[in-house]
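What follows is one structure encoded as structure tokens, with my remarks underneath.
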Protein chains: 2
Amino acid sequence: MWEPPKPFTILNRGLIEAAAALLEEGGPAAVTLREVGRRVGVSHNAPYKHFADKEELLAAVAAAELRRGRDSVLRLRRGHAAVEAVRLMLHAYAREAIRHPEMFRLTYGPWRNGSAELASAADDARASLVQSVTAAQADGELPAGDPERLTALLLALAHGASDLALSGHLARKGKGHADPADLIDDLLAQLTAH
Amino acid sequence: MWEPPKPFTILNRGLIEAAAALLEEGGPAAVTLREVGRRVGVSHNAPYKHFADKEELLAAVAAAELRRGRDSVLRLRRGHAAVEAVRLMLHAYAREAIRHPEMFRLTYGPWRNGSAELASAADDARASLVQSVTAAQADGELPAGDPERLTALLLALAHGASDLALSGHLARKGKGHADPADLIDDLLAQLTAH
DNA sequence: ACCTGAACACCGTTCAAGT
DNA sequence: ACCTGAACACCGTTCAAGT
């Protein structure tokens, strides 16, 4: 079942970057293998020598983004108290979602073939957050309990607020006007004032 | 700018129902105008006399689903204490998301042309939830504060937990094993024990 | 007014052939 | 081993023509 990861050739990386750029510009429908090939300077079906199909190319784009997210989370852990690191991580999550909606939707979208590479990149990113949550609990800044479950609560709120904001379903247009960052702070305030 | 809603002809309703069935069976890609037409018994471009394009047909599917959601929310308000109604509404939200992933993703997905019909259906559904939240606040069962914002917090969590569960990003496979319903109850417990 | 069949442009994927 | 060009099946959309 398990396959060793292919080496990252120059072309491989170029295809992923071209696909990511097209995704950002016009969504998944704009990521055509013909345009990807054209931008990299190969024929429209050269990608098939590196990826089984279009979905696998997009999965590689998503995995690269998840690795970037994990590295960003690791950077935030240094130089901040644990609970503040958690707050900054969740804010960064929402900020990136709003700034790059197409990448956000791709990364957390539906994957028919559960790529192992994708799953492990996501696990790594979440594990960093779990560590900071655990440290914040040890500091008495977050309520005790299963840290995985508390992390899931925090992540679910940050994710849901971001996704609803993107689709315009977060609040009525004139009213309230709470953005994802506000809701993250609301939840943390409720959790710290227990 | 504003256009009067077209009358709901038999064919119109049939097209929407056929599109919804195809969506459930195989996602948005399976909703081809050719197959929709075939199931209803018309040619593959008869739908263009009722909807400007494929996206407008899918928007009508989403709007119908949002209206169903609003009616379901209204039913839950009767016969329950306010805070319990809120809890049941959020649980129903997550249950429907898990049971009908494609419809969930469509309903809360990206809409390039902000259909007024879609927006008002969503506003109606959320307004019912806001009313129950307000009543629960008056009962002293939920913390005081802007009810729109508190509703956004609750909805964002239910939405995010559902969406992450669907994409398998809610928690590591073996660990924690919190499902959306658990997280909803966790949040409500934190809010009521203030 | 509403529908049909043909046609167009486009895309993912396959394949025989090249180096 | 990797790439190319042609080809296939499919789809959204348009359009001239029918009733």
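Residue numbering restarts at 1 for every chain, and letters A, B, ... go by the order of the sequence lines.
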* **Secondary structure of DNA chain C in dot-bracket form (Watson-Crick or G-U wobble, distances below 3.5 Å, | marking inter-strand pairs)** => ||.|||||...|||||.||
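Listed for the B:Arg126 side chain is a donor-acceptor partner under 3.5 Å among the backbone atoms of A:His169. With hydrogens and angles disregarded, no donor-acceptor distance shorter than 3.5 Å links the side chain of A:Ser132 to the backbone of A:Leu129.
At the heavy-atom level, A:Val36 lies nowhere under 4.0 Å from the strands shown.
Considering all non-hydrogen atoms of both residues, B:Ser43 and B:Asn45 come closest at OG-OD1, 2.9 Å.
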Identify every side-chain donor-acceptor pair in residues 69-76 of chain B under 3.5 Å, counting partners at least two apart or on other chains, and give the distances.
residue : atom : partner  : partner atom : Å
B:Arg70 : NH1  : B:Asp124 : OD2          : 3.3

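Looking at heavy atoms from C-beta onward, A:Arg68 lies in side-chain contact with A:Met103 at the 4.5 angstrom threshold. Contact check for A:Pro28 versus A:Leu106: no side-chain heavy atoms found under the 4.5 Å cut-off.
Extent of DNA chain D lying under 4.0 Å from chain A heavy atoms, first and last nucleotide in 5' to 3' order, is D:dC3 to D:dA7.
A residue-by-residue look at A:Arg34 and A:Gly41 shows that A:Gly41 has its nearest nucleotide of DNA chain D further toward the 5' end.
Taking the six-membered ring where the residue is Trp, B:Tyr108 and B:His159 present perpendicular rings, their angle passing 60° and hence far from 30°.
For the pair A:Arg105 and A:Glu102, the salt-bridge criterion is not met [side-chain N within less than 4.0 Å of a carboxylate O].
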